[in-house]
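Numbering starts at 1 and runs along the sequence shown. Computed from heavy atoms alone, side chains included, the values below leave out hydrogens, waters and symmetry copies.
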Amino acid sequence: MTELTKRQFLGLAAGAAALCAPSILRAAGPTKLRFTNFAGPTSFLTNGIFRPAFDAIEAASDGTLKIDIYSGGSLASAADTYDAVRRGIADMGWGVTSYTPGRFKTATLVELPFEALTSKSASQGLWKLYQEDLLDGFKGVEVFSVMSSGIQHCHSTKEIDSLDGLAGERVRAAGSTAAMMWEAFGAIPVSLPVSTIAESLSKNTLHGSMNDWNALETWGILDFVKWHIDVPLGSSPCFLTINKKVFDSLPEVAQTALREHGGQRFNDFWGEQLDGENRRLRAVVAEMTDHHILVPTAEQLGEWKKRIAPVTEKWVAENPNGERALELYTATLNEARG
């Protein structure tokens, strides 16, 4: 082989390698993230929120990212989600803070009744608290979002015309602050995962629950509760996190896609979608002849707010930076109301 021929050969080989490199990268495919989701595969949360949100992230990642949803708790239970993500059992996951009592104390602020009227505004308030470093417990992970469940209402297996109607009865409470509220009305608060509420109602070991309308349908609770009081009884703080090592190992374009679609942007999408679904389902229940929705009078609301005032005071006293957190949260809610 002549010197010229050698140079030509080496040049052709280098060019071929350069042309092949992108093909090799493409062949390797995107990084797959396993998302643990305790909601069912056909639920509104799965198909109405998570899948479209993740599709948008994948598109923005320029083909470097794919998010696979493992639904129905198949990868981790609701109570284990946070630690499953932190330890790498799952790459991503969403959960509810009340399933690990005492761990996320300040986030329980959204459980206070008569404050937020929508999931979107409550989610905005929670994210503001996170940005101001007022939320404890969120360590060891990449926080994609801290958001609020749908606004919860009172639901009962027996006819009631007031929150006092469940005095002496076992009522599912969504968290420690919600439990204090039910105690103020003489009820016996019970902490249960949402997936077990319907079974407890069917066995008459539970006579009331607080949930948003979406949860009633998603978890089969609607079959057992026929009486509803349409009053904003707070919500449950939720989170969506990513394993820190996994996030740090992603290409920059994938990290950027996740960050740009997380935080307040995701919270607004989550809140708008969830609020819309709750409005739709409330209208469906209102048309059911065997269901009864009570809208309280201004007088009733005033009385109930007085009843739970000590609950708010106790929450402020027991939480670090409680006064500042409540002030910032309510200011965010007021701003959202316009």
Side-chain angles (χ1 to χ4, degrees), residues 95-99 101-102 104-130 134-135 146-156 162-164 166 171-185 187 189-194 197 208-216 221 225 228-239 267 270-271 274-275 278 282 294-296 300-319 322 325-334 336-337:
V96 181
T97 67
S98 60
Y99 293 163
F104 307 93
K105 292 185 66 176
T106 309
T108 62
L109 174 58
V110 300
E111 296 174 18
L112 289 172
F114 312 118
E115 295 288 352
L117 301 180
T118 64
S119 171
K120 183 178 179 179
S121 63
S123 296
Q124 289 173 340
L126 265 180
W127 188 248
K128 186 68 173 177
L129 293 178
Y130 177 76
L134 290 173
L135 295 184
V146 183
M147 64 283 192
S148 163
S149 75
I151 302 302
Q152 300 177 115
H153 309 282
C154 174
H155 310 283
S156 173
S162 168
L163 295 178
D164 292 299
L166 286 167
V171 179
R172 188 263 183 169
S176 58
T177 304
M180 288 192 293
M181 180 205 72
W182 280 116
E183 288 172 347
F185 287 101
V190 180
S191 177
L192 290 174
V194 67
I197 295 173
S209 187
M210 54 186 298
N211 301 99
D212 65 343
W213 301 100
N214 175 65
L216 295 188
I221 302 167
V225 289
H228 317 272
I229 301 181
D230 192 0
V231 60
L233 296 181
S235 59
S236 292
C238 306
F239 59 82
N267 278 18
W270 162 281
L274 194 51
D275 287 333
N278 274 299
R282 187 201 184 283
L294 171 70
V295 178
Q300 283 178 308
L301 280 174
E303 174 59 33
W304 296 344
K305 287 180 179 180
K306 289 180 183 177
R307 189 83 65 84
I308 63 93
V311 174
T312 302
E313 294 169 2
K314 185 177 181 181
W315 186 92
V316 169
E318 292 182 348
N319 284 273
L326 179 60
E327 181 180 348
L328 183 59
Y329 180 66
T330 54
T332 305
L333 297 182
N334 290 334
R337 293 186 187 116

> Which heavy-atom pair separates L117 from P232 by the least distance, and what is that distance?
Replying inline: CD2-CG, 3.8 Å

>> If you define the side chain from C-beta out and look only at heavy atoms, does anything of V190 sit under 4.5 Å from V171?
In response: no

>> Could you measure the distance from the SG atom of C238 to the CG atom of L274? Nearest 0.5 Å is fine.
In response: 8.5 Å

> Does the N214 side chain pair with the main chain of N278, one donor and one acceptor, at a distance under 3.5 Å?
Replying inline: no

> Tell me, do F104 and P237 make a side-chain contact under 4.5 Å, heavy atoms counted?
Replying inline: no

>> Closer than 3.5 angstrom, by distance alone: can the side chain of R172 be matched with the main-chain N or O of L192 as a donor-acceptor pair?
In response: yes

>> For the backbone of T177 and the side chain of E111, can you confirm whether one donor and one acceptor N or O come within less than 3.5 Å of each other?
In response: yes

>> For a side chain to side chain contact (heavy atoms under 4.5 Å, CB included) check, start with the C-alpha distance between I151 and S235, then their side-chain angles and the critical distance, and finish with the verdict.
In response: CA-CA 5 Å; I151 302 302; S235 59; 4.2 Å; yes

>> Please find the pair of heavy atoms, one from G175 and one from S98, that lie closest to each other, and give the distance.
In response: CA-CB, 3.9 Å

> Just how far is it from atom CG of L134 to atom CG of L326, taken to the nearest 0.5 Å?
Replying inline: 11.5 Å

>> Using the rule given for side chain to side chain contact (heavy atoms under 4.5 Å, CB included), can you reason through T106 versus Y329, listing the C-alpha separation, both sets of side-chain angles and the distance that settles it, and then say yes or no?
In response: CA-CA 11 Å; T106 309; Y329 180 66; over 6 Å; no

> What pairs with E303 under salt bridge (charged side-chain N to carboxylate O under 4.0 Å, His left out), at least two apart in sequence or on another chain?
Replying inline: R307

> Where do G150 and D212 come nearest, in terms of heavy atoms and distance?
Replying inline: CA-OD2, 3.4 Å

>> When you measure from the side chain of D275 to the backbone of S119, do you find a donor-acceptor pair of N or O atoms at a distance under 3.5 Å?
In response: yes

> Is there a donor-acceptor pair under 3.5 Å between the side chain of H155 and the backbone N or O of N211?
Replying inline: yes

>> Measuring from atom CD1 of I308 to atom CH2 of W182, what distance do you get when rounded to the nearest 0.5 angstrom?
In response: 12.0 Å

>> Return the CG to OG distance between L294 and S162, rounded to the nearest 0.5 Å.
In response: 8.5 Å

>> Once side chain to side chain donor-acceptor pair (under 3.5 Å) is applied, do any residues pair with S176, and if so which ones, sequence neighbours excluded?
In response: none

> Quick one: are V316 and E313 in side-chain contact, heavy atoms under 4.5 Å?
Replying inline: no

> What heavy-atom pair brings H153 and L233 nearest, and what distance separates the two atoms?
Replying inline: C-CD1, 4.0 Å

>> Determine whether a donor-acceptor pair (N or O, by modelled atom type, separation under 3.5 Å) exists between the side chain of W270 and the backbone of S148.
In response: yes

>> Please evaluate residues C154 and M210 with respect to the criterion side chain to side chain contact (heavy atoms under 4.5 Å, CB included), reporting the C-alpha separation (whole Å), side-chain torsions for both, the decisive distance (0.1 Å), and the verdict.
In response: CA-CA 5 Å; C154 174; M210 54 186 298; 6.0 Å; no

>> Parallel, tilted or perpendicular, judged at 30° and 60°: which one describes the rings of W213 and H228?
In response: tilted

> Distance from M181 atom CE to L163 atom CG, nearest 0.5 Å?
Replying inline: 6.5 Å

> Is there side-chain contact between E183 and P189, with at least one heavy-atom pair below 4.5 Å?
Replying inline: yes

>> Tell me the closest heavy-atom pair linking T97 and F239, and the distance in Å.
In response: CG2-CD2, 3.9 Å

> Do the side chain of N267 and the main chain of V146 share a donor and acceptor less than 3.5 angstrom apart?
Replying inline: yes

> Hey, what do you get for CD (E318) to CE (M180), rounding to the nearest 0.5 Å?
Replying inline: 6.0 Å

> Checking side chain to side chain contact (heavy atoms under 4.5 Å, CB included) for the pair L166/F185: CA distance, chi angles, key distance, verdict?
Replying inline: CA-CA 8 Å; L166 286 167; F185 287 101; over 6 Å; no

> Looking at M147 and S123, what are the two nearest heavy atoms and their distance?
Replying inline: CB-OG, 3.6 Å

